[in-house]
Amino acid sequence: MEKDADGFYTPVEGGAAPAAGSAQPGPNADLIKSTFEVTVTLADQQADPDSPLFSAKTFEELGLHQDLLKGIYDMGFSKPSKIQERALPLLLSNPPTNMIGQSQSGTGKTAAFVLTMLSRIDFTKNTTQALCLAPSRELARQIMSVVVSMGKFTAVQTEYAIKDNLARDSGPITAHIVVGTPGTMTDLMRKRIIDVADIKVFVLDEADNMLDQDGLGDQTLRVKNMLPRDHPVQILLFSATFPDHVRSFASKFAPGSNKIELQKEELSVAGIRQFYMDCRNEEHKYDILVRLYALLTVGQSIIFCQHKHTADRISARMSAEGHKVASLHGAKDPAERDAIIDNFRDGREKVLITTNVIARGIDILQVNMVVNYDLPLMYERGSGGGGAGGALDKPDIETYIHRIGRTGRFGRRGISINFVHDKKTWLQMEQIEKATSRKIMRIETNDVDEMEEKMKNALK
Ligand SMILES: Nc1ncnc2c1ncn2[C@@H]1O[C@H](COP(=O)(O)OP(=O)(O)OP(=O)(O)O)[C@@H](O)[C@H]1O
């Protein structure tokens, strides 16, 4: 095997073993472009065929196993969403074909890849057959809950590859599906606690983030390079965003993929109404947030800050002033992180102040408001994102799209509010508006009634 410039191992010429992930492009490789237009059936004439939730098909027509259909209906799903309808026939066809699947936040990508993993497991074998990686432990835990619910009527065995989950002396993992974060997954594979021999499916959720060379790219590649090479592994990459700089890398990572792509102007969900508030300075941002508190707690809200210390500072200050808020970021220990997100998920906490750690994937339907206390910024290459230094003046459009996508899930209404407090942040917001082709409306900061009225109307 030789490693190329991008770090991929490729078989040397004449080598007998196919590379991991060399699932051949099936006859369907270009089908998706030609089947993009769905037919509107009589019963759905009221439905908007362009909606990412609209589907002309039923789950039965997608060729899923009876036990999985039971799981799906048990979860309360009645019809596939557009990404599920379009992706599943391609994902389930044989020979298995890689997939790069893009659709807007909250449109049901998880079910598409979870159903694929579950469909490909041979339940007569107690071996690991599918791996799924996500960028945060919170998202890995959420994906696992979908695996468990959808697989409720199957014999699926599952295990986590997240920090502090396994005892040091735990034996080999024999679970069919392992879901985790790349660092721990690498560790378990290196120590041969996970036996890779029977792995057939490898999924990256939030794939653009997982492949980004400035983020988790190296670790993800390490996992991929440990996959078996004596049989094809179906590689599935899913995200709401695939910026240009990772697209070609993604195509190489998942060669011969079927591709489902969004146009640039379709990236964010139309049901999320976007606002901004003019603040005078940093201190004024805090005052406005406190004034918003009554509205923040009508449903549930997530407040995004650039730094962990800002999240901690705001939450400590608000708590001291009698408001009930929680803060969550990567510097907290794993058990505490689990307790905080579980409390928020169950509605025991209404306001979560956080960093980009939960900007992606987290699905909590009651969240109806997202506040960008600080706008998301790009980081210098090599600074690793999230650190204290290295932030550039450029907004991070992808992170913005994911952050606001924590509300407005699966056709629900939601609102997002950006705090802008100087020329720089104003210009950054303008760039976001342009890049996402969505209008961001002003809310008067001094008029609480107008603020309340606009927000209530947006959520109607
Ligand atoms: N066919 C369906 N019918 C009803 N609800 C569904 C269906 N598919 C998914 N959902 C629900 O929609 C919500 C969003 O799904 P999911 O979290 O998979 O979105 P996503 O596309 O992965 O979003 P993101 O890009 O933010 O990760 C979940 O609560 C899920 O249970």
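Keep in mind that this is a model prediction, so the values were computed, not measured. For ligands, and for the atoms within them, numbers begin at 1 and follow the listed sequence. Counting begins at 1 with the first residue of the sequence.
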Legend entry - Name of the residue among D312, T355, T354 meeting side-chain hydrogen bond (donor to acceptor under 3.5 Å, both in side chains) with H329: D312
Legend entry - Ring geometry between Y293 and H323 (parallel below 30°, tilted from 30 to 60°, perpendicular above 60°): tilted
Inset, instruction - Identify, for atom 10 (N) of ligand 1, the protein heavy atom at the shortest distance, and state residue, atom and that distance. - result: F77 CZ, 3.4 Å
Legend entry - For atom 23 (O) of ligand 1, closest protein heavy-atom neighbour: G106 N, 2.7 Å
Inset, instruction - Answer yes if the side chains of R438 and S268 hold a donor-acceptor pair under 3.5 Å, and no otherwise. - result: yes
Legend entry - Top protein contact for atom 29 (O) of ligand 1, by heavy-atom distance: D363 OD2, 2.6 Å
Inset, instruction - Have a look at ligand 1 and work out which part of S81, if any, has a heavy atom under 4.0 Å from it: side chain, backbone, both or neither. - result: backbone
Legend entry - Side chains of R345 and Q366, donor plus acceptor under 3.5 Å: no
Legend entry - atom 21 (O) of ligand 1: nearest protein contact (heavy atom, Å): K109 NZ, 2.8 Å
Inset, instruction - Return the set of residues passing salt bridge (charged side-chain N to carboxylate O under 4.0 Å, His left out) with D393 (not counting sequence neighbours), or none when no residue passes. - result: K424
Legend entry - Passing candidate, side-chain hydrogen bond (donor to acceptor under 3.5 Å, both in side chains) with N418, options T425, N372, D374: N372
Legend entry - Side chain, backbone, both or neither: the part of R409 lying under 4.0 Å from ligand 1 by heavy atom: side chain
Legend entry - R406: numbered ligand 1 atoms lying under 4.0 Å from its heavy atoms: 26 (O)
Legend entry - Proximal atoms of ligand 1 relative to E206 (non-hydrogen, under 4.0 Å): 27 (O)
Legend entry - Residue selection (non-hydrogen contact nearest atom 22 (O) of ligand 1) among V269, L365, I143, T110: T110
Legend entry - Pair D338 + R141, salt bridge at N-O below 4.0 Å: yes
Legend entry - N/O separation below 3.5 Å, P80 to ligand 1: no
Legend entry - Per-atom contacts, ligand 1 versus K79 - under 4.0 Å to a heavy atom: 1 (N), 2 (C), 3 (N)
Inset, instruction - Return the residue, atom name and 0.1 Å-rounded distance of the protein heavy atom closest to atom 4 (C) of ligand 1. - result: F410 CE2, 3.4 Å
Inset, instruction - Look only at interatomic distance and state if F59 has a nitrogen or oxygen under 3.5 Å from any nitrogen or oxygen of ligand 1. - result: no
Inset, instruction - List for me each residue that meets salt bridge (charged side-chain N to carboxylate O under 4.0 Å, His left out) alongside D244, sequence neighbours excluded, and say none if there are none. - result: K264
